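Read the structure below first, then the notes.
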Amino acid sequence: MIRQCTPCSIIGLILLNASFSHAHDVDYLFSLPLEKLQEIEVQVASKTKESWLTSSGTVYVIDRKDIKNYGWRDLKEILSAAPNMDMLYQYSWLSGGQRGFTGNRSGTLLMIDGREVQNLLANEAFIMNNFPAHRIERIEILQGTNSTLYGGNATQGVINIISRLGSEKSTIEAGIIIGEVNTKQANGLITGQYNEFKYGISASAFQSDLDYDNLKSFVFNNNEFSRNPTLDQIRNRDPNRFKNKEKNLTFDFNIQYHNSYAGVNLSQMENMSGIERIAYDFGFGDDSRRGYTLTYLGQEFDATDALSGFVELSVFREYKKKFRLKAENEETATSFDDLVLFTEREDIGPSYRYRLRSQWQYDPGHSEVWVFGYDGWRTDIGSKVRYVDTGTGTEKVIPDTWPTEKEVSDKHALYGQYSKTWTINQTSMVKMTSGLRYNQQELTDNAWLPRLSTVYQSSAHHIWKITYGEAFRPPTIFEFELVEDQSLESQTMKMIELNYTHTQTFRDIEWVNIAVLYQMEAKNFYQKVFDEERNVWQTIVSGENTVEGFENQLKWQGHSIFGFFSLRYLDADKTTVGNRTELLDLPKTKVKLGLGYTWTHRWSTSVFINHWSKTFTEANTIDGNTTAIQRIPSWQTLNVNIAANDWQLSGNTRLDMNLYIENVLDKTYYHSNPRGTSPYQFIQPPRNVRLQLELSF
C-alpha cells in the first residue's frame, strides 16, 4: 500500500521483530492491563463519565504517553495521528475537518476542559501553533454529530483538550524546543495545592520564521502555485522579500477552592496568512494579530448523593487586526516597480460572548443516569473598521456592506439525556442513551436536535454500538456580510454509524481495535449571489453532500513495544468542473502507522508513517481564464522520534530529551486548497530536525 516507502517498511519490520525477542524484564511503557481498559473514563460522548470502550459513540483517546512517545509538539501534530481527520496546512491556521467534510473547521467544536474556544467571527476551530503539548493531559475526539449536548458547530465532531491544570499531584516543569527556520519555544507548567486551594498555571512562547527553502521556491513557481496571470507578472520576484513569521503566546490559569473554581485560557497570535493569500511582495500581504481570552467562574454542587451539578459564567473575548498591502493601479501595472502601493489596516472587534451554563446529573441507581442542562449566551461582534487616509488624517470607517444589525444575537438552549444499562451477566450488558436539545436563536431557525445510541457488549472482548444523531451550524457574521437577508437557515447534519470494538491479548501484547461504518448527510450550504434586478447581494442556502465511509483504529501495547494502525476509506458526492466529475479535496484512502520500541527504561524510538492516496482539486488553468480539475499525487511521509527520558540530574530534578525528525526521506508532497483555486495546493515542510528538553523539579 505504501509503495514508495520501502525503508519505512524495513524499519517497521525491524522494530516488530526486535520487540518479540526483547527480554521480558524491561519495564512496560504502558501499565494498563486489558481489564483496566474498561476503566478508562471519557466525558466527551455524553457529558458524563463513562467507560471509553463502552462510551455512547465513537471516541478516540490520545493521552500524554502517546504524545511523549511520538514526540508531538502541539495539537496539529497530535491530530494528524487521529483516524479520519483531514488536515490541510497552509503554514498558518489549520483548515480541514472530520470524516470527509473539509473547509475552515467550523464543523468541529474545539474545547479546552469542556469549554468552547471556537472563534466568534467564522465559527472556526482555529488551530495554529497555539496549543502546545506540554499543557495537554489527553485529547478526546468524538466523531460525528453531537449538537444534542454541545449545540452549534458540533456537526462533524468534537475535540476536547483535557489540560494538566487539574492534576492531583504537585508539578513544576520547564522546557524548550529549538528547530530549523528559527523555530523556538519555551514553556512551563506548575500545579499544586496550598491549604484548601488547588492551582495550575501554564505558559508558552513560540516563534518560527516558517520560511523553508522549498516553500520559497514553490511560491515563485507560477505553474505550481498561483496561475493568476494578472498578479503573477507584477509580483516582486526577490526571494528575500518572502516572509511567513509566526509568534504566539499562551497562558492558562485555574484555581479551585472546595467546590468553587475560576480560570483563564489566553492565546495571542501574530502571524502572516501562510501561502493562501500572498500579496504583491510575497509576505506583507496579510499580517494579522488574532487572539482570544476565555475567563470563567463556576460553582459545583453536591445537592444529594444522587444529584450533582454546576453553574458557570464565562466571557470569551476575541480581537482581530489585519494589515493588507494593496495597489491603486493593479490593472494597469506591468511590473512590481510600477505599482502604487499602500497599506490598509482592518480591525474587527473586540468581540464578546457572555455565557451562562448549568448542568445537572441525577443517578437514581447504578443502571440509570439523567443529564439535563441550560446553555444561554449573548454574542456581541465588534464592527469591521477600516482605517482610511483622508489626506488630512486617518479616519475609521465601517464598510457599508458590514451587517451592523447582525452584530448582537442571543441564544438559549435546554437539553436532556437519559441513559439506562441492563446487565446480562458479568461480561455482557446493553446500554441505551437518548437525548434531545431545543435551540432557540436569533438570525437563524430554531432547532430540535435528537441523538440515540445503543451499546451492546456481548462479552468482555466484543462491543457493538449503533448511533444516530442530528446537528447544526448557524450562519456567521461573514455570511451575512453584503446581503440583506434578515435570517438564514442553519446548515444541518444527520449521521448514522455502526461501531464494533474488539479487545484481545496475543503473546502478552494487548490489542484494541475500533471499526466504524458511517453515513453523514449535510444540507444547506451558503453561497453569495448578486440579484441584478434588486441590485443587492443575497445568500442562497441550498445544496447537500453525503459522505459514506469506513474508519479503523488498532492500538497495541506490551512489554517494550507500542503502536497504532489507522485506516480510512470514504466515498462522497462528486463535483463537475468543465467536462470532468471527481471527488474533490479528499483522499479516499488514508493510512497512519505508529511503531515504538523501548530499548531500556530511558531510551525509546518511535516512527510515524502517514500515507494519503491521490487527491483531485479545482485549480486555475495556466492561462488563468478558467478552472479545471488538477490531480495531486499520493504521498507518504516518515517521522522519527528518539527519546531519552527520566535522567536524574540532582535531587528531584529530572531531564527528558527528544530528537524529532520530520519527513525523514525528504519527500515533496502537497495538500489541496478546498477554499479556492489559487493557489490550488500547499507544499509541505521538507526534512527538518528539532530538539526538545524538559526539566521536572
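Side-chain atoms are counted along with the backbone in the values below, which use heavy atoms only and exclude waters and symmetry mates. On a predicted model such as this, the values are computed, not experimentally measured, just so you know.
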Run Tyr261 and Tyr199 through ring pair (Phe, Tyr, Trp, His ring centres under 6.0 Å) and show every step you take. CA-CA 10 Å; Tyr261 61 89; Tyr199 57 87; over 10 Å; no
Could you tell me whether a side-chain N or O of Gln553 sits under 3.5 Å from a main-chain N or O of Val512, the two making a donor and an acceptor? no
Keeping Lys465 on the side-chain end and Ser55 on the backbone end, is there a donor-acceptor pair under 3.5 Å? yes
Is the closest side-chain heavy-atom distance between Ile509 and Ile561 below 4.5 Å? yes
Would you indicate whether the side-chain heavy atoms of Leu638 and Val607 approach each other to under 4.5 Å? yes
Specify whether Tyr70 and Trp72 have parallel, tilted or perpendicular ring planes, treating 30° as the upper limit for parallel and 60° as the lower limit for perpendicular. parallel
When you check the gap from the basic side-chain N to the acidic O, do Glu694 and Arg73 get nearer than 4.0 Å? no
Check the pair Thr183, Phe206 against side-chain contact (heavy atoms from CB on, under 4.5 Å), reporting the backbone distance first and the verdict last. CA-CA 8 Å; Thr183 299; Phe206 170 88; 3.8 Å; yes
Look at the side chain of Glu137 and the backbone N and O of Ser163, then say whether any donor-acceptor pair between them is shorter than 3.5 Å. no
For Asn663 and Asn688, test the side chains for any donor-to-acceptor distance below 3.5 angstrom and give the result as yes or no. no
Intermediate values then yes/no, side-chain contact (heavy atoms from CB on, under 4.5 Å), Leu570 and Glu548: CA-CA 6 Å; Leu570 61 76; Glu548 298 173 341; over 6 Å; no
Take His134 and Ser202 through the test side chain to side chain donor-acceptor pair (under 3.5 Å) and record every step on the way to the result. CA-CA 9 Å; His134 82 279; Ser202 167; 2.9 Å; yes
Output yes when a side-chain donor or acceptor of His461 lies under 3.5 Å from a complementary backbone atom of Thr503, and no otherwise. yes
Is the shortest side-chain N to carboxylate O distance from Glu551 to Arg99 below 4.0 Å? yes
Can you check whether Thr54's main-chain N or O pairs, donor with acceptor, with Lys431's side chain at less than 3.5 Å? yes
OG1 of Thr637 to CZ of Arg687, rounded to nearest 0.5 Å, is 13.0 Å
Salt-bridge criterion met for Lys76 and Asp74 (N-O under 4.0 Å): yes
Pair Arg690 + Glu662, salt bridge at N-O below 4.0 Å: no
Exactly one of Arg568, His671, Gln156 clears side chain to side chain donor-acceptor pair (under 3.5 Å) with Asp86, and that residue is Arg568
Hey, is Glu510 close enough to Lys555 for a salt bridge, meaning N to O under 4.0 Å? no
Could you tell me whether the side chain of Trp511 reaches within less than 4.5 Å of the side chain of Phe506, counting heavy atoms only? yes
Should we count CE of Met429 as having more than 12 external heavy atoms under 6.0 Å? yes
Whether the side chain of Asp66 engages the backbone of Ile62 through a donor-acceptor N/O pair (distance < 3.5 Å, no angle test) should be reported. no
Measure across Asn146 and Ala45 and return the closest heavy-atom pair with its distance rounded to 0.1 Å. ND2-O, 3.9 Å
Does any part of the side chain of Trp556, heavy atoms only, come nearer than 4.5 Å to the side chain of Leu595, both counted from C-beta? yes
Evaluate Leu567 against Phe550 for side-chain contact (heavy atoms from CB on, under 4.5 Å), listing each step before the verdict. CA-CA 8 Å; Leu567 168 69; Phe550 169 76; 4.2 Å; yes
Are side-chain heavy atoms of Thr108 and Phe101 found at a separation under 4.5 Å? no
Step-by-step side-chain contact (heavy atoms from CB on, under 4.5 Å) determination, Gln185 to Ile176: CA-CA 5 Å; Gln185 178 177 301; Ile176 61 169; over 6 Å; no
Run the side-chain donor-acceptor check on residues 643-650: report pairs under 3.5 Å with partners two or more places apart or on a different chain.
residue: Asp646; atom: OD1; partner: Arg654; partner atom: NH1; Å: 3.1
residue: Gln648; atom: NE2; partner: Gly651; partner atom: O; Å: 3.0

Determine whether Ser604 and Thr598 satisfy the following criterion, side chain to side chain donor-acceptor pair (under 3.5 Å), listing intermediate values before the conclusion. CA-CA 4 Å; Ser604 65; Thr598 306; 5.3 Å; no
Is it the case that atom CG in Asp305 sees more than 12 heavy atoms from other parts of the structure closer than 6.0 Å? no
Just so I know, are the side chains of Val547 and Tyr518 near enough to count as touching, which here means a heavy-atom distance under 4.5 Å? yes
Atom NZ of Lys49: over 12 foreign heavy atoms under 6.0 Å: no
Derivation of the side chain to side chain donor-acceptor pair (under 3.5 Å) call for Thr58 and Glu497: CA-CA 9 Å; Thr58 298; Glu497 70 173 21; 2.9 Å; yes
Hey, are the side chains of Thr653 and Leu695 touching, using non-hydrogen atoms and a 4.5 Å cut-off? yes
Please walk me through it: do Ser419 and Thr433 pass side chain to side chain donor-acceptor pair (under 3.5 Å)? CA-CA 4 Å; Ser419 180; Thr433 303; 3.3 Å; yes
Rounding to 0.5 Å, atoms CG (Leu189) and CD1 (Ile201) come to a distance of 9.5 Å
Side chain to side chain, Gln359 and Phe372, heavy atoms closer than 4.5 Å: no
For the atom pair OG1 (Thr250) and CZ (Phe131), what is the distance rounded to the nearest 0.5 Å? 9.5 Å
So, for Tyr456 and Trp464, is the gap between ring centers shorter than 6.0 Å? no
With distance as the sole test, does Asn160 use its side chain to make a donor-acceptor pair with the main-chain N or O of Ile139 at under 3.5 Å? no
Partner of Asp252 under salt bridge (charged side-chain N to carboxylate O under 4.0 Å, His left out), picked from Arg115, Arg135, Arg164, is Arg135
Going by salt bridge (charged side-chain N to carboxylate O under 4.0 Å, His left out), Asp656 matches just one of Arg64, Lys68, Arg602. Which one? Lys68
Do Lys592 side-chain atoms and Ala82 backbone N/O form a donor-acceptor pair below 3.5 Å? yes
Quick check: does any side chain N or O of Asp63 sit under 3.5 Å from a backbone N or O of Arg138, one acting as donor and the other as acceptor? no
About how many Å separate CD of Gln98 and CG of Leu109, when rounded to the nearest 0.5 Å? 10.0 Å
Can you check whether Tyr362 and Trp360 have ring centres sitting under 6.0 Å from each other? no
Is it true that a side-chain atom of Trp370 and a backbone atom of Glu368 form a donor plus acceptor pair closer than 3.5 Å? no
About how many Å separate CZ of Phe697 and CD1 of Ile172, when rounded to the nearest 0.5 Å? 7.5 Å
Rounded at 0.5 Å granularity, tell me how far CD in Gln118 sits from CG in Asn153. 5.0 Å
Of the non-hydrogen atoms in Ile78 and Ala133, which two are nearest, and what is the gap between them? CD1-CB, 4.4 Å
Relative to the ring of Phe126, is the ring of Trp93 parallel (under 30°), tilted (30 to 60°) or perpendicular (over 60°)? parallel
